[in-house]
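Predicted, not measured: the structure shown is a model, and the values here were computed from it.
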Amino acid sequence: MKRIVYREWRLEPARYWGLLAILLSVIAIGGMAALYMEHEGHWVTGMTNSVVWGVPHVFAVFLILAASGALNVASIGTVFDNAAYKPLGRLSGLLAAGLLVGGLLVLVLDLGRPDRLQVAMTTYNFSSIFAWNIFLYSGFLAVTIAYLWTMAERKGNKFMKPVGTFAFLWRLALTTGTGSIFGFLVGREAYDTAILAPMFVVMSFAYGLAVYMLVLFYSFDADDRPIGPVMLKRLKNLLGLFVSAVLYFTLVYHLTKLYGAKNLDVETFILVTGGIYTAIFWVGWVLIGGLVPLGIIYHPVLGQERNWIAAAAGLVIAGGLAAMYVVIIGSQAYPLEMFPGKTVLEFGAPGDVGGAVAPYSPSFPEILLGFGGVGVGLLITAVGIRVLQFLPESLTDRDVAPAAGAASA
Amino acid sequence: MKPDKEKIDNGRRSFIGAAAGVSAAVVAPGVVLHTVDATAAPRTEPVTDLHRWGMLIDTSKCADGCSACVSACDRENGLNLQSKPLGDDPLKWDNQRAVWIRKVKLQDNTTGRITNLPLMCQHCENPPCVDVCPTGASFKRADGLVLVDRHTCIGCRYCMMACPYKARSFIHEKVDQKLTRAPRGKGCVESCTLCVHRLDEGDISTACADACNAEGHQAIVFGDLNDPDGPLRQALRQVPSRQIRQDLGLNTGVRYSGI
């Protein structure tokens, strides 16, 4: 196998600084939105006592899933010894760290008291999945940085396999923990199932790879680095596999819920009568995030074209945000079922919606904060690949593990 | 590299000295105030598990259209001082303002029978809100009260996701007016305290139960679940009662009859 050569991102300065300026403005606007929400209080958002987690959580959970998924690309090379993925490892680690920081910032800035972050970092209740996640998230950053070091520093190379394996196990724990935030909520009909944890793991594979592919395509295009058809085919097939797995888990999740008579109402809500949530589930989660990208990926002509593959990755991301919206907000909008066999005529006055579907419409500051988190993730990546050697010179078929490429092609 | 000999910067020294003096002057009154507070508190003994406070709500006595318990709670805990922030949508605000107790009206799907009941924090023995709280701000006291420590609550709202009773409220707006006995502030979560300020002064009562009695309904019996001869246990012996979402096994402190 040829030696892999990594080089800094050689984008023309004007274009590079332009990109940074755009990202910084997105971050600045997100930051101002957070300040506004923090200063005024959460009444300026669409969130209420019924829908307590809004769009910031949609973005934050998506980014955290995508972060752990982005690290998968490195794991395939290191842990599963697939030589063709080795050159992709460094970008994978960097992107994972960047997306995680972005997601965590959104999560923290949406707290009622973000100024008490220190309390969250020093006072723990270990029966809380959230408290565990604080360790899983900060540990993930540390492990990823160590992993990057073993990949980039010759002295560290010999530790790459054990550190990489540890990072892989850690990321599985992290996504399991994120899924369990919802899965362990026994009081809510839409949650309260262990399948949410593995479903989140599989979602992270798909969303992380989709983000990774778009970043890889863009950064390679920008300074004319080549990606060979074999590498393209590998990535696209892997995305197809992950997206199919997400659809499979979605099916099993709903079948599990449908089987118990007590959950029929919430299932009817999400799948049939839930208005916006039903629409986002079928059109966003299933169609845009699942069936359409699969159609593109496995299409005999479109599936060969780089731009169509990029479009499929983009659709997977859009579908992922839709899925998060349904899982996080749809499940809260549905009323808690406290009195089986009874209809709730009134639930407090005035205007409380305990017995009915809770209204929620996202406000601008929430959405801007979410995009600010995306901006942070991309900024870290853009600066990282510019100043350090994260990107391989070339991913042509000749340069990437020719034997492995030929075998699978 | 450090130079071999650094000259002592007297200006810097005097600045630090002055800064320390100013800080002490600012902090000292706070320390003194806290000390006064501590001595003024009537309770010096820690709370024990000799008592477990709870309620029986007889829904057959809970009157349709009466909301005396809700207004009493609002007055007792300063929730009537809340006002809609300028510019907020009135319908949204109704769902954003803090509600510790609410009147619920139910109709049986088969028989059509109407039931009224007040719903508040159920003060579970195994509270899901306490399990999920990352900082331990949501806690259960030895005497069974489930409370929020407003100093360590970071406003993550995970407890609100976990509560099966929708009993908790998040403070969405700046709080201009509040009562000393029930301090509240923007960005934290709160819920029914079973009038903890009364209990801690030895007054075994809650505002809602008092108001219900004053209306002549006597639908709420408040008392000690651990006292076999107390009014609560006597009432529980006389009528069949159950817990809302009994299937979850939370062993709530608030029990209902007639549902």
With a 4.5 Å cut-off on heavy-atom pairs, point out which of [options] contacts chain B the most.
options: A:V44, A:I134, A:I181; result: A:I181
options: A:M47, A:H57, A:M37; result: A:M47
options: A:G41, A:S128, A:P340; result: A:S128
options: A:Q332, A:E38, A:E337, A:R113; result: A:R113
options: A:G187, A:G341, A:A131; result: A:G341

Among the options [options], pick out the one with the most heavy-atom pairs lying under 4.5 Å from chain A.
options: B:V104, B:T111, B:L106; answer: B:L106
options: B:R245, B:M161, B:Q96; answer: B:M161
options: B:K84, B:R113, B:K92; answer: B:K92

Practice problem: Measure the acute angle between the ring planes of B:Y158 and A:F130, then classify it against the limits of 30° and 60° as parallel, tilted or perpendicular. | Solution: tilted
Quiz item: Which bit of B:I114 is near chain A, if near means a heavy-atom gap under 4.5 Å: side chain, backbone, both or neither?
Solution: side chain
So, [X] side chain and [Y] main chain: donor-acceptor pair closer than 3.5 Å or not?
X: A:W53; Y: B:C156; value: yes
X: B:T135; Y: A:T123; value: no
X: A:R116; Y: B:C153; value: yes

